[in-house]
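Working notes for the structure below.
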Amino acid sequence: NEELETSNEELQSANEELKSTNEELQSLNEELQSSNEELQTANEELETSNEELQSSNEELQMAYDELRSVNAALEEKENALLESEANVRALLGNTLQAFVLIDRNYHVLAFNDEMRAWITHFASARGNERQRQLLEGDTIFDFLPDAYVKTFHQKFKQALTNQEISGELSLVTANGQERTYRYCYTPVEDEEANVVLSVSFALLDVTTEKQALLELADRERLISTIFSVTDAGFCLTDSDGNFTKVNEGYCRLYGYQEDELLGKHFTMMLPPEHREAAAQLHDDFLAGEADEMPGEWVVQHRDGTPFHVL
């Protein structure tokens, strides 16, 4: 009996130890589960942060692509405008502009085909009796648009005082189209008698040029808007690599004020060891000897801290 009682006590003690061990294992298991949950939460937060970073990168890339597209469109418009201006100069240098020579009594002395075409654009708006073709000896007032008769008379009288008058005017054609013209009243003087014998009235249609200027202004406003409203950092440099324009996002990114950057070389934003190579890449790109290098760059904050940008 004593042996049995001793065995029972030992068994009871073993059971208590086993129970204690199970409780410790249970506690350990709960701690492990809690750690797993915390790890899961941290992993989800990291995943969310990665998604936000990816979204930010995509937005930045979209803004960059949009700016490149706008710049390309602007460059195309600027080239078109330069070409248009070159065409205008060529037109003004020959008889392709519309002209008519008028004596002091407003009679037509001579004209070219361009002036005849211009008259046709406007004559039909004044009634059927005014739709005949312009002929030498006609009175010019019979063919001018009603809206321009008074102005023409005033400027013609000025030209008779030996003044050359030039400017721009807008008129609506018979089919309702508004056109813009560059005009010039040039007096033809009898130098011996010191009197103006006639006036050459010249017109050049510059509607396309004016529209190109308006579109160019719209593009400039669009770029200015992108610069001012986007959180992304943007800058423009001249051919020497000096800053000509920076937006607020760019200043905030690097820790500078706008006036501290304008006129300075863009390589000041790079670690010293990368500046020479970046300057050479810039010069090669402008010379057409290198392609644009998109990607990730190591740059430097004002306080010297390096960081990565796209």
> Which class fits the ring pair Tyr183 and Tyr185: parallel under 30°, tilted 30 to 60°, perpendicular over 60°?
Replying inline: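 Taking Tyr185 first and then Tyr183, their aromatic rings stand perpendicular (interplane angle over 60°).
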>> Would you call the rings of His282 and His265 parallel, tilted or perpendicular, taking 30° and 60° as the class edges?
In response: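 If you compare the ring of His282 with that of His265, the planes turn out perpendicular.
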Gap separating the [atom1] atom of [X] from the [atom2] atom of [Y], nearest 0.5 angstrom:
X      : Y      : atom1 : atom2 : value
Leu135 : Gln133 : CG    : CD    : 7.0 Å
Arg302 : Tyr254 : CZ    : OH    : 14.5 Å
Thr244 : Leu236 : OG1   : CG    : 5.0 Å
Arg219 : Glu75  : CZ    : CD    : 13.0 Å
Thr237 : Lys264 : OG1   : NZ    : 15.5 Å
Asn247 : Leu253 : CG    : CG    : 9.5 Å

Determine whether [X] and [Y] make a side-chain contact, defined as any pair of heavy atoms from C-beta on separated by less than 4.5 Å.
X      : Y      : value
Val195 : Glu189 : no
Phe156 : Phe201 : no
Gln280 : Arg275 : no
Leu270 : Val299 : yes
Glu66  : Met62  : no
Ile102 : Ser198 : no
Leu203 : Leu169 : yes
Trp297 : His308 : no

>> Would you say CG of Asp303 has more than 12 non-hydrogen atoms from neighbouring residues, nucleotides or ligands within 6.0 angstrom?
In response: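 Yes, the 6.0 Å shell around CG holds more than 12 heavy atoms from other groups.
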>> Is it the case that over 12 heavy atoms from other parts of the model lie below 6.0 angstrom from the CD atom of Glu168?
In response: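 More than 12 within 6.0 Å, yes.
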Backbone N/O of [Y] and side chain of [X]: donor-acceptor pair under 3.5 Å:
X      : Y      : value
Ser56  : Glu52  : yes
Asp238 : Asp240 : yes
Ser34  : Glu30  : no
Thr151 : Tyr148 : no
Glu260 : Gln257 : yes
Thr225 : Arg221 : yes
Asp190 : Leu197 : no
Thr180 : Ser170 : no

Of all heavy-atom pairs between [X] and [Y], which one has the smallest distance, and what is that distance?
X      : Y      : answer
Leu171 : Pro145 : CD1-CG, 4.0 Å
Gln163 : Pro187 : O-CD, 3.5 Å
Glu258 : Val246 : CG-CG2, 3.7 Å
Phe143 : Thr139 : CD1-O, 3.6 Å
Ala159 : Ile165 : N-CG1, 4.4 Å

> ring pair (Phe, Tyr, Trp, His ring centres under 6.0 Å) with Phe243: which of Tyr256, Phe266, Tyr250?
Replying inline: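 Only match with Phe243 under ring pair (Phe, Tyr, Trp, His ring centres under 6.0 Å): Tyr250.
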Polar side chain donor-acceptor pair, [X] to [Y], under 3.5 angstrom:
X      : Y      : answer
Asn57  : Gln61  : no
Gln40  : Glu44  : yes
Glu58  : Gln54  : yes
His107 : Asn105 : no

> Can Thr41 and Glu45 be said to form a side chain to side chain contact (heavy atoms under 4.5 Å, CB included), step by step?
Replying inline: CA-CA 6 Å; Thr41 300; Glu45 291 176 353; 3.8 Å; yes
> What residues join Val188 in its hydrophobic cluster, counting side-chain heavy atom gaps under 4.5 Å, either direct or through other members?
Replying inline: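 Reading the cluster by chain and number, Val188 sits alongside Leu101, Leu109.
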>> Just checking Phe141 against Phe152, ring centres under 6.0 Å apart?
In response: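 Between Phe141 and Phe152, the centre distance is under 6.0 Å.
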> Are His153 and Tyr106 near enough that their ring centres are under 6.0 Å apart?
Replying inline: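 His153 vs Tyr106: aromatic centres under 6.0 Å.
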> side chain to side chain contact (heavy atoms under 4.5 Å, CB included) between Asn112 and Met115: does it pass, once the steps are laid out?
Replying inline: CA-CA 6 Å; Asn112 67 350; Met115 179 56 72; 3.5 Å; yes
>> Going by the rule ring pair (Phe, Tyr, Trp, His ring centres under 6.0 Å), which residues pair with Phe111 if we only count those two or more places apart in sequence or in a different chain?
In response: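 None.
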> Would you call Arg252 and Glu248 a salt bridge, taking side-chain N to carboxylate O under 4.0 Å as the test?
Replying inline: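 A salt bridge is present here (some side-chain N lies under 4.0 Å from a carboxylate O).
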> So which of Gln97, Lys210, Arg179, Arg182 actually passes side chain to side chain donor-acceptor pair (under 3.5 Å) with Asp205?
Replying inline: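 For Asp205, the side chain to side chain donor-acceptor pair (under 3.5 Å) check succeeds only for Arg179.
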> Going through the distances and angles, do Leu46 and Asn50 end up as a side chain to side chain contact (heavy atoms under 4.5 Å, CB included)?
Replying inline: CA-CA 6 Å; Leu46 180 59; Asn50 286 336; 3.9 Å; yes
